[in-house]
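Bear in mind the structure is a predicted one, so any value in this text is a computation, not a measurement.
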Amino acid sequence: MTSDAAIRVVDAHHHVWDLSVRDQEWLAGPGLAPLRRTFTLDELRAQASGVAATVLVQTVTVAEETPEFLALAEDDPLVRGVVGWTDLTAPGVADELARLRELPGGERLVGIRHQVQGERDPEWLLRPDVARGLAAVAHAGLAYDLVVLPRQLPACVRAAELHPGLVLVLDHLGKPPIASGGTEPWGSAVRALAALPNTVCKLSGLVTEAGPGWSAASLRPYADTALEAFGPGRLMYGSDWPVCLLAASYGEVLDAARALTGDLGPHERAQVFGGTADRVYGLSGRA
């Protein structure tokens with residue numbers, strides 16, 4: 001049997017921020033006091049011992065953040081890919097994507113993300129101006145990360161249907177209602193999304209959704225739903241560090257992911273913990 005230590009780990013979802021450079025307004029929310037400080041790649045490296053590579057994901061809808069993240073990736077071999085932000089509704093989004101790729105570290109731009117969870121319109125992804133932006137992301141050969149609430153999942157399904165050439169990556173399993181123990185209508189919506197071949201899912205963010213007192217057993221129904229729907233070849237591990245620190249340490253998150261995938265064979269686990277991220281984000285060519 002292949003041990004956990006023998007399986008290469010790619011953390012496909014983490015963040016960093018420097019409050020001396022930019023305020024993170026979202027950190028003013030209740031219960032977020034532990035996150036109201038600077039978090040660096042060096043701190044992540046110390047906590048994520050044994051992780052071979054990572055994908056750094058946007059935190060705020062500020063145009064300057066993505067070039068900063070690309071520069072970080074250029075200077076640090078740990079960060080193999082960056083999921084950045086750009087205004088999808090801007091008429092010149094295609095030109096902006098091309099500009100980002102010409103910046104230092106631009107070859108490590110692997111995807112785009114917007115905080116759709118904060119949009120009041122549950123069908124924001126289907127707006128004509130957004131659809132034009134999504135088409136530009138697809139044309140650029142980039143993935144699009146979906147950070148959404150369960151009520152927004154039907155629009156994700158429709159967006160995946162309308163953009164068959166775009167790989168849509170569902171962050172945090174679509175934020176299932178773990179704390180309440182419910183599975184519907186989230187489960188049905190996730191299965192509908194997974195039925196489309198251009199969709200992928202991240203095994204990430206679960207401890208935060210579960211909250212204090214979480215256990216691997218409380219996470220299992222949601223992880224099992226994603227595994228059954230997407231399969232290991234379309235599921236990827238992500239820590240969601242440092243947001244995960246609200247509920248668990250980095251090591252506890254990784255241990256939970258290993259426990260939730262413990263019934264898989266070695267090849268399947270290798271997909272979840274690295275292979276899927278390598279393939280979807282094209283990380284192997286960005287060493």
Salt bridge Arg80-Asp278, side-chain N to carboxylate O under 4.0 Å: no

Scanning both residues in full, the closest heavy-atom pair of Val110 with Tyr281 reads CG1-O, 3.3 Å

Margin query: Is it the case that over 12 heavy atoms from other parts of the model lie below 6.0 angstrom from the CD atom of Glu123?
Written below: no

Self-check item: Backbone N/O of Pro177 and side chain of Ser180: donor-acceptor pair under 3.5 Å
Solution: yes

Geometric cation-pi criterion, Arg37 with Phe39: 6.0 Å, 45°: yes

_Whether the Thr54 and His14 side chains hold a donor-acceptor pair (N or O, under 3.5 Å, no angle test) is what I'd like checked._
yes

task: Please confirm whether the backbone N or O of Val60 pairs with a side-chain atom of Gln58, one donor and one acceptor, at under 3.5 Å?
output: yes

Would you say Trp85 and Glu65 are linked by a side-chain donor-acceptor pair, where the criterion is simply a distance under 3.5 Å? no

State whether a side-chain donor-acceptor pair under 3.5 Å links Thr40 with Asp42. no

message: Within the structure provided, determine whether Tyr144 and Leu125 are in side-chain contact (heavy-atom separation under 4.5 Å).
response: yes

Measure from the side-chain N and O atoms of Arg101 to the backbone N and O of Ala140, and report whether any donor-acceptor pair falls under 3.5 Å. yes

inquiry  = I want to check something: taking the side chain as every heavy atom from C-beta on, are His172 and His13 in contact at a cut-off of under 4.5 Å?
reply    = yes

Open item on the list: Please check this pair: side chain of Glu252 against backbone of Ala256, looking for a donor-acceptor N/O pair closer than 3.5 Å.
Closed with: no

Nearest heavy-atom contact between Trp214 and Ala248 is CZ2-CB, 3.7 Å

Contacts of Asp18 meeting side-chain contact (heavy atoms from CB on, under 4.5 Å) (sequence neighbours excluded), chain-then-number -> Ser20, Val21, Thr38

SB check Glu102 Arg99 (cutoff 4.0 Å): no

- Min side-chain heavy-atom separation Leu149-Val116 under 4.5 Å: no

- Without swapping roles, check the side chain of Ser239 against the backbone of Leu254 for a donor-acceptor pair under 3.5 Å. no

Residues Ala73 and Val79: closest non-hydrogen pair is CB-CG1, 3.7 Å

Validation row: Thr225, Arg191 side chains within 4.5 angstrom (heavy atoms): yes

Give a yes or no answer on whether the side chain of Thr199 reaches the backbone of Leu196 with a donor-acceptor pair at less than 3.5 Å.
-> yes

- Any donor-acceptor pair under 3.5 Å linking the side chain of Arg269 with the backbone of Ile7? no

Tightest non-hydrogen contact, residues Leu70 and Leu109, listed as CD2-N, 3.8 Å

- Side chain Arg220, main chain Ala259, donor-acceptor under 3.5 Å: yes

